Amino acid sequence: MQATPDSAVPHAAENRVIEPLYAEILRRNQGEKEFHQAVREVLETLGPVLAQRPEFVDARIIERICEPERQLIFRVPWSDDSGDIHVNRGFRVEFSSSLGPYKGGLRFHPSVNLGIVKFLGFEQIFKNALTGMPIGGGKGGSDFDPKGRSDAEIMRFCQSFMTELHRHLGEYTDVPAGDIGVGGREIGYLFGQYKRITNRFESGVLTGKGLGWGGALVRTEATGYGCVMFTAEMLRSRGESLDGQRIAVSGSGNVAIYAIEKAQQLGATVVTCSDSDGYVVDEKGIDLALLKEIKEAGRGRVAEYAERRAEAVFVPGAGVWDVPCDVALPCATQNELHEADALTLVRNGVKAVAEGANMPTTPEAVRVFQEAGVAFAPGKAANAGGVATSALEMQQNASRDSWTFAHTEERLAEIMRHIHDSCYTTAERYGSPGNYVVGANIAGFELVADAMLAQGLI
Ligand code: NDP
């Protein structure tokens, strides 16, 4: 394991518990490097709680929590518009049902493999616990690449994917949502096929649905909005606000777009965003209406933004972290913010970093921020607004109700404040004040571990 900041270094006794566990996880999950990274990042911070709660060690909670309850891998055959046949691989990892039905998104991206799905599912357990809602942890997806595919091809792929997956889902069993490459269109095709096969209009089986057929207001905005709300809380605890701050956002998908929207509403200026081709800088502040038109309506590239707006410049083949900013919001994908980027951001005076994406910051970069005293929020806390609003969608589905935008957004804001405060106070209680990584990991872990103890050896 790598060195941890002083305040988080486990005592030798806890190290003796954690080191062999981590070695065993490496041995049993070979080649799953993102999963190793996510597990290590959590285990490194659990020393103090294991010291105070030896019953977690006796009940082998860590070994059990690191082993998914169920892992599904399946074939997804489909034909393209020319009649050529393709075979993709589908995944669903049902990690933990201690707090509720498995809950977590589906990712369609060529990079998807079992290790990535397991890292995301593992993070999801603690994230979902932190929301305070009754949801367990899971994640899924496929190595299917939706880029450049027609609507009809996307539909055939989604139908084939759901033809296998439906038998493992249910509103009390497992409830997927979107993630990279899976938005409202895909959720529609997936829901349609589930309904057709099961002959049930079971609204609560998927979240992120269209507003006319069981979807919830604010779900689309929730992850980005929540990330910015969390950032505002971090700044507030340091006597500052977002008003007038200069912000860098990476990505230009669902999370990035709504992080930009909320940051602008709170008086900040977002000067950059990106996609996998490069980034745009717009010193006047991103024109969100134009960005939405290009990315949401046209499914286009950020390069087009610079073509259509004289104030903006496009920089190909690079990330956004060279652009000086007060606040950085990585909202694209895992391991996109490296140590050198963190050093640049610190040199440029960054005050706060909040992960809109899952694990976008490498462990070395996290250390740079923590050592420089930058407020750093891990994804499992900062991006939990998406899944929390999914749980609000499930509540509305169960009660056949639909809430207003203002009411749902206020619920989201309350939840983000609750997550912030529970991370903050837990970090203090366990001797690492201001360390949101320690706070989030321990607060989430305790909730799940207590439920596992109560439910017996299963
Ligand atoms: P989208 O598919 O809507 O957008 C993803 C964005 O990230 C796009 O701009 C994409 O660019 C960029 N991106 C994706 N992969 C890469 C890569 N390998 N290299 C560079 N850029 C990349 O996804 P979301 O916005 O929904 O998700 C973004 C992140 O947020 C993910 O980590 C996801 O797990 C996390 N998240 C999402 C939630 C949600 O509610 N949607 C909830 C919680 C976390 P391009 O188009 O060029 O690929």
Side-chain angles (χ1 to χ4, degrees), residues 34 38 103-112 116-117 119-124 126-128 130-131 137 139-141 143-148 176-187 207-208 216 218-227 230 249-261 272-280 291-292 294-296 298-305 316-321 329-338 354-361 377-393 412 416 419:
E34 290 85 1
K103 183 86 196 85
L106 298 172
R107 175 176 293 191
F108 292 169
H109 192 272
S111 64
V112 167
I116 287 187
V117 178
F119 119 63
L120 291 164
F122 183 73
E123 290 275 297
Q124 198 82 44
F126 307 103
K127 178 189 312 193
N128 293 4
L130 283 171
T131 66
K139 198 80 188 187
D143 58 1
F144 170 68
D145 187 357
K147 264 198 204 115
D179 190 77
I180 291 178
V182 178
R185 171 182 59 170
E186 291 75 18
I187 293 292
T207 57
V218 191
R219 177 60 191 92
T220 304
E221 295 83 357
T223 307
Y225 274 26
C227 177
F230 195 98
V249 171
S250 66
S252 51
N254 171 266
V255 179
I257 284 178
Y258 291 97
I260 296 171
E261 186 162 289
T272 181
C273 66
S274 64
D275 61 22
S276 50
D277 295 340
Y279 68 93
V280 285
L291 186 68
K292 282 185 179 177
I294 293 167
K295 299 302 282 195
E296 289 189 332
R299 297 182 191 279
R301 315 298 303 156
V302 288
E304 280 173 57
Y305 179 93
V320 300
W321 310 123
L329 304 177
C331 295
T333 194
Q334 65 273 0
N335 292 328
E336 52 151 323
L337 197 169
H338 300 268
E355 294 187 325
N358 285 310
M359 211 168 73
T361 318
K380 62 171 76 68
N383 71 35
V387 74
T389 309
S390 277
L392 298 180
E393 181 173 334
L412 170 64
M416 296 314 297
I419 297 174

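As the structure lists them, so they are numbered: ligands from 1, and atoms in each ligand from 1. For this chain, numbers begin at 1 and follow the sequence in order. On a predicted model such as this, the values are computed, not experimentally measured, just so you know.
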The closest protein heavy-atom partner of atom 29 (C) of ligand 1 is Ala332 O, 3.2 Å
Could you work out, with side-chain hydrogen bond (donor to acceptor under 3.5 Å, both in side chains) as the rule, every residue matching Lys380, not counting sequence neighbours? Glu41, Glu123, Asn441
Starting from atom 4 (O) of ligand 1, locate the nearest protein heavy atom and write down its residue, its atom name and how far away it is, to 0.1 Å. Gly253 CA, 3.3 Å
At under 4.0 Å between heavy atoms, which part of Arg301 makes contact with ligand 1: side chain, backbone, both or neither? side chain
Atom 48 (O) of ligand 1 [closest protein heavy-atom partner, distance rounded to 0.1 Å]: Lys147 NZ, 3.1 Å
If the cut-off is 4.0 Å to any non-hydrogen atom of Ala357, which atoms of ligand 1 fall inside it? 29 (C), 30 (O), 32 (O), 35 (C)
Tell me which protein heavy atom sits closest to atom 27 (O) of ligand 1, plus the residue, atom name and distance to 0.1 Å. Ile180 CG1, 3.6 Å
In the protein, which heavy atom is nearest to atom 24 (P) of ligand 1, and how far is it? Val255 CG2, 3.9 Å
For Ser252, the ligand 1 atoms with a heavy-atom partner under 4.0 Å come out as 9 (O)
Do the side-chain N and O atoms of Ser390 and Arg219 include a donor-acceptor pair separated by under 3.5 angstrom? yes
Among Gly251, Pro146, Ser276, which one puts a heavy atom closest to atom 45 (P) of ligand 1? Ser276
State whether the shortest distance between N or O atoms of Gly181 and N or O atoms of ligand 1 falls below 3.5 angstrom. yes
Please write down residue, atom name and distance for the protein heavy atom closest to atom 41 (N) of ligand 1. Asn254 OD1, 3.5 Å
Indicate, as side chain, backbone, both or neither, the part of Arg107 found under 4.0 angstrom from ligand 1 when only non-hydrogen atoms are considered. side chain
Reported CD1-to-CD distance for the pair Ile294 and Glu304, which is rounded to 0.5 angstrom: 5.5 Å
Atom 10 (C) of ligand 1 touched by protein heavy atom at under 4.0 Å: no
Suppose we screen for side-chain hydrogen bond (donor to acceptor under 3.5 Å, both in side chains). Which residues come up paired with Arg185, at least two apart in sequence or across chains? Asp151
Could you see which bit of Arg219 sits under 4.0 Å from ligand 1, with heavy atoms only: side chain, backbone, both or neither? side chain
Return the closest protein heavy atom for atom 16 (C) of ligand 1 as residue, atom name and distance. Thr333 CG2, 3.6 Å
Enumerate the atoms of ligand 1 whose separation from the nearest heavy atom of His109 is less than 4.0 angstrom. 15 (N)
Taking Asp143 for its side chain and Ser111 for its backbone only, find out whether a donor-acceptor pair lies under 3.5 Å. no
Determine, stepwise, if the pair Glu336 / Ser276 fulfils side-chain contact (heavy atoms from CB on, under 4.5 Å). CA-CA 10 Å; Glu336 52 151 323; Ser276 50; over 6 Å; no
Between Gly104 and Gln124, what is the shortest heavy-atom contact and its length? CA-CD, 3.9 Å
Out of all atoms in ligand 1, which are within 4.0 Å of some heavy atom of Cys331? Include the element for each. 28 (C), 29 (C)
Return the option from Thr223, Val302, Asn358, Thr389 holding the heavy atom at the smallest distance from atom 38 (C) of ligand 1. Thr223
For ligand 1 and Asp179, I'd like to know whether there is a polar contact (N/O to N/O, distance under 3.5 Å). yes
Please say whether Asn383 places an N or O atom under 3.5 Å from an N or O atom belonging to ligand 1. no
Shortest non-hydrogen contact from Cys227 toward Leu329: SG-CD2, 4.2 Å
